Amino acid sequence: MEKMKRTNTCGELRLKDKGKTVTLNGWVHRHRDHGGIKFIDLRDRYGITQVVIDADAEENLKNSAHELKFEYCIAVAGTVRPRPQSMINSRMPTGDIEVQAEKIQILSKCDVLPFMIDERSDAREELRFKYRYLDLRSFSMQRKIKLRHEITFAVREYLKDKGFLEIETPTLIKSTPEGARDFLVPARLFPGKFYALPQSPQLFKQILMVSGFDKYFQIAHCFRDEDARGDRQPEHTQIDIEMSFVSKDDIFKVIEGMLYYVFKKTLDIELKIPFRRISYTEAMNRYGSDKPDLRYELYLKNFNNFVEKGEFKAFKAVLEQGGAVKALVAPGCSSFSRKQISELEETAKIYGAQGLAWMKVTETGLEGGISKFYNSSAEKIKETLGAKTGDLILFVGSDWKKACTSLGAVRAKLAQIEKLIPKNTFEFCWVTDFPLFEWNEDEKKWEPAHHMFTMPQEQYIESLEKNPGDVKGDLYDLVCNGVELASGSIRIHDPGLQERIFKIVGFSEEEAKKRFGFLLEAFKYGPPPHGGIAPGLDRLVMLMAGENTIREVIAFPKNTQGVSLMDETPSEVNEQQLRELHLKVLKEE
RNA sequence: GGGGGCGUGGCGAAGCUGGUUAUCGCGCCGGCCUGUCAAGCCGGAAGCCGCGGGUUCAAGUCCCGUCGCUCCCGCCA
């Protein structure tokens with residue numbers, strides 16, 4: 001039997017189409033059988049149209065309608081007719097009309113569903129992933145996948161318009177040291193040798209700069225063999241960008257313009273640009289995070305000055321060891337119970353704080369917790385911290401970074417508890433002036449905070465080696481609502497400077513040559529000054545879709561174990577394959 | 001690598017300090033019903049309570065182990 005091909009989609013018929021003979025193809029979203037009259041909600045990705053089988057329809061038609069179950073894929077031919085006045089459904093775009101069925105063809109049947117294709121379906125993620133094809137049928141998933149397409153398309157439009165070229169770089173590349181763990185691919189033709197999947201197209205995009213493609217971009221897949229999180233999984237997509245002859249301001253401008261365009265085009269939201277700029281140090285000091293959430297106004301304050309005058313020994317000890325004591329005023333939270341405070345303390349402890357000290361602000365002064373140690377400076381404390389009667393003040397003393405991040409975590413928790421976070425706002429900022437190096441206590445050596453091709457800021461170049469810890473890099477993050485959206489830097493293009501950096505991070509010339517000799521070689525031939533950035537596409541779409549995990553905006557995501565539940569990846573391979581690849585699987589203990 | 005949470009018919013949940021026959025909603029099967037749109041009504045089927053061990057007269061419930069999922073710390077240049 002010939003398949004009945006659609007003349008229209010399920011989302012387009014309106015009153016003006018009345019009287020038309022149409023054929024629709026789609027899935028049985030719902031069916032309501034009233035004995036006489038029957039209704040079918042027919043769904044495709046464009047919408048839902050109600051199909052009616054009248055009570056006086058021929059027996060044949062009624063029988064085939066009776067057969068229909070959820071998610072049967074069917075074709076319906078019939079006539080568009082207006083619904084009776086009182087039956088109009090204003091919640092449906094097609095709610096003014098219905099299609100009076102004349103013929104129904106079942107294109108394929110559907111087993112009993114593991115979960116309903118429904119906006120309200122609350123099937124757990126595990127199940128949704130196993131049956132992702134069904135999950136993706138829901139309008140909410142289709143909306144997100146479509147939004148992703150539109151965002152990606154707008155990015156391409158904008159960048160092309162600005163003169164960028166989209167250039168593909170290889171997926172099978174050389175394994176490079178540092179950074180995340182590589183995914184390796186055994187090379188069949190070279191026993192014992194491996195390709196690696198790119199953690200990013202970093203080296204290739206820099207080489208493209210050497211080649212003179214001064215504005216490059218790529219929607220690039222990146223692979224990192226690390227544990228997944230809500231905003232990260234083993235493979236992700238980034239909008240990889242690199243430019244020559246630019247300073248970071250030029251790069252900021254491109255990204256600001258791009259995001260303005262993308263938000264306007266896809267969500268009709270006008271972002272305020274340029275974005276705020278916050279130094280790493282300020283972000284840590286004020287927000288307790290290098291990816292500050294600016295949607296709410298709770299600020300960490302410095303409490304060091306009061307520690308001297310107070311009697312609290314634990315804090316004094318912290319300062320003697322070179323640490324810091326940070327304070328956070330929780331407005332109107334003096335009614336918090338011990339239990340509530342200790343829950344906040346748990347949050348602080350997760351981030352390495354020893355504890356969470358507190359005091360309450362009352363009419364007469366400070367009360368409870370550690371207040372007795374600071375009675376003499378109560379007024380001054382209130383004034384300096386901006387605390388008012390009815391507030392709760394929270395403290396963490398630790399090394400500076402831990403004090404900031406753990407109290408920053410408390411800040412975030414508090415904002416959540418007190419419902420301080422406004423919905424549907426996007427607060428962007430650039431975080432700048434990151435340290436170039438970080439001290440690795442385990443291995444007793446300096447490590448690049450970003451990557452080792454990052455340019456130190458001008459004023460530090462001369463005395464790099466003296467105090468590596470003080471050196472700030474020409475590197476920057478783009479943050480939105482507490483999510484790190486992009487990371488980038490101006491790169492080193494001077495081989496001499498590059499060598500000095502290698503030396504500081506304990507990278508021998510020999511090792512450097514072996515690993516990225518090709519880049520260093522390329523840099524001998526007139527490399528332009530250049531820099532770049534790479535916004536994470538998944539995270540951008542996640543934020544724009546109002547989701548908290550990138551898995552909601554990836555068509556076929558992996559779970560937190562890095563497993564694709566639908567196709568059961570990763571999987572074992574057979575002996576033959578292993579032999580060809582010169583591999584042997586070791587038995588775990 | 002470490003910590004928290006969860007695992008009960010196909011799905012989502014309830015099941016208290018252990019105590020009759022494991023409950024509810026959705027779905028499924030059958031029937032009734034001419035205007036519904038999360039249709040309604042009547043009836044029915046469907047459970048190794050993740051898995052293994054232990055405590056007990058008695059375990060979905062307590063203990064130990066294990067597997068899976070999830071959130072977080074670490075990790076993620």
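Note that the structure is predicted; figures quoted are calculated from it, not measured. Just so it is clear: chains get the letters A, B, ... in the order the sequence lines come, proteins before strands, and each one is counted from 1. Computation of the quantities below employed the complete heavy-atom set of this structure, encompassing side-chain atoms and omitting hydrogens, waters and symmetry-equivalent molecules.
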Minimal non-hydrogen separation, A:Arg81 against A:Gln100, with atom names: NH1-CD, 3.2 Å

Heteroatom pairs (N/O) under 3.5 angstrom, protein to nucleotides 43-45 of chain B:
none

A:Lys413 and A:Glu343 ion-paired at < 4.0 Å: no

By side chain to side chain contact (heavy atoms under 4.5 Å, CB included) - contacts of A:Glu235 (at least two apart): A:Phe223, A:Gln233, A:Lys558

Gap between atoms CD and P, on A:Gln50 and B:rA38 respectively (whole Å): 10 Å

A:Phe502 and A:Phe516 aromatic centres sub-6.0 Å: yes

All ring pair (Phe, Tyr, Trp, His ring centres under 6.0 Å) counterparts of A:Phe204, not counting sequence neighbours: none

Nearest-Å distance for atom pair NE2/P, residues A:His31 and B:rG27: 9 Å

Salt-bridge contact A:Glu438-A:Lys445 (side-chain N to carboxylate O under 4.0 Å): no

Comparing A:Ala449 and A:Ile37 on RNA chain B - which has the more 5′ nearest nucleotide: A:Ile37

Pairing of A:Arg229 and A:Asp231 as salt bridge, 4.0 angstrom limit: no

Short N-O contact, A:Glu71 and A:Arg137, less than 4.0 angstrom: yes

Pair listing, ring-ring contact (aromatic ring centres under 6.0 Å, His included) test, anchored in residues 29-52 of chain A, at least two apart: A:His31-A:Phe70, A:His34-A:Phe39

Of residues 471-488 of chain A, the positions that come close to RNA chain B - non-hydrogen atoms, cut-off under 4.0 Å: none

Any-strand Watson-Crick or G-U partner of B:rG52, both distances under 3.5 Å: B:rC64

Contact letters for nucleotides 6-14 of chain B, in which S counts primed atoms plus P, OP1 and OP2 and B counts the base, heavy atoms under 4.0 Å: --S-SSS--

Partner set under side chain to side chain contact (heavy atoms under 4.5 Å, CB included) for A:Glu346, not counting sequence neighbours: A:Lys349

Residues within residues 55-76 of chain A bordering RNA chain B, heavy-atom distance below 4.0 Å: A:Ala55, A:Lys69, A:Phe70

Please list, for nucleotides 72-76 of chain B, all pairs of protein and nucleotide N/O atoms separated by less than 3.5 Å.
| residue | atom | partner | partner atom | Å |
| --- | --- | --- | --- | --- |
| B:rC73 | OP1 | A:Tyr351 | OH | 2.7 |
| B:rC73 | OP2 | A:Arg229 | NH1 | 2.3 |
| B:rC73 | OP2 | A:Arg229 | NH2 | 3.3 |
| B:rG74 | N7 | A:Arg229 | NH2 | 2.9 |
| B:rG74 | O6 | A:Arg229 | NH2 | 3.4 |
| B:rG74 | N1 | A:Asp227 | OD2 | 3.0 |
| B:rC75 | O2' | A:Glu226 | OE1 | 2.8 |
| B:rC75 | O2 | A:Arg232 | NH2 | 3.3 |
| B:rC75 | N3 | A:Arg232 | NH1 | 3.3 |
| B:rC75 | N3 | A:Arg232 | NH2 | 2.5 |
| B:rC75 | N4 | A:Arg229 | NH1 | 3.4 |
| B:rC75 | N4 | A:Arg232 | NH1 | 3.1 |
| B:rC76 | O2 | A:Arg232 | NE | 3.4 |
| B:rC76 | O2 | A:Arg232 | NH1 | 2.7 |
| B:rC76 | N3 | A:Arg232 | NH1 | 3.2 |

Stepwise side-chain hydrogen bond (donor to acceptor under 3.5 Å, both in side chains) check, A:Ser175 with A:Asp182: CA-CA 7 Å; A:Ser175 177; A:Asp182 277 330; 2.7 Å; yes

Ring pair (Phe, Tyr, Trp, His ring centres under 6.0 Å) involving A:Tyr476 - partner list, sequence neighbours excluded: A:Phe252

Lys/Arg-Asp/Glu bridge criterion (N-O < 4.0 Å) met for A:Asp293, A:Arg411: no

Residue pair A:Ala101 / A:Leu61: nearest heavy atoms and the distance that separates them: O-CD2, 3.3 Å

Under the salt bridge (charged side-chain N to carboxylate O under 4.0 Å, His left out) test, residues paired with A:Asp135 that sit two or more places apart: A:Arg128, A:Arg132

Pairwise P distance, B:rG50 and B:rA59 [rounded to whole Å]: 15 Å

Quiz item: A:Arg32 side-chain donor-acceptor pair to B:rC33 base, under 3.5 Å: no

Within residues 557-568 of chain A: residues closer than 4.0 Å to RNA chain B (heavy atoms): A:Asn559, A:Thr560, A:Gln561

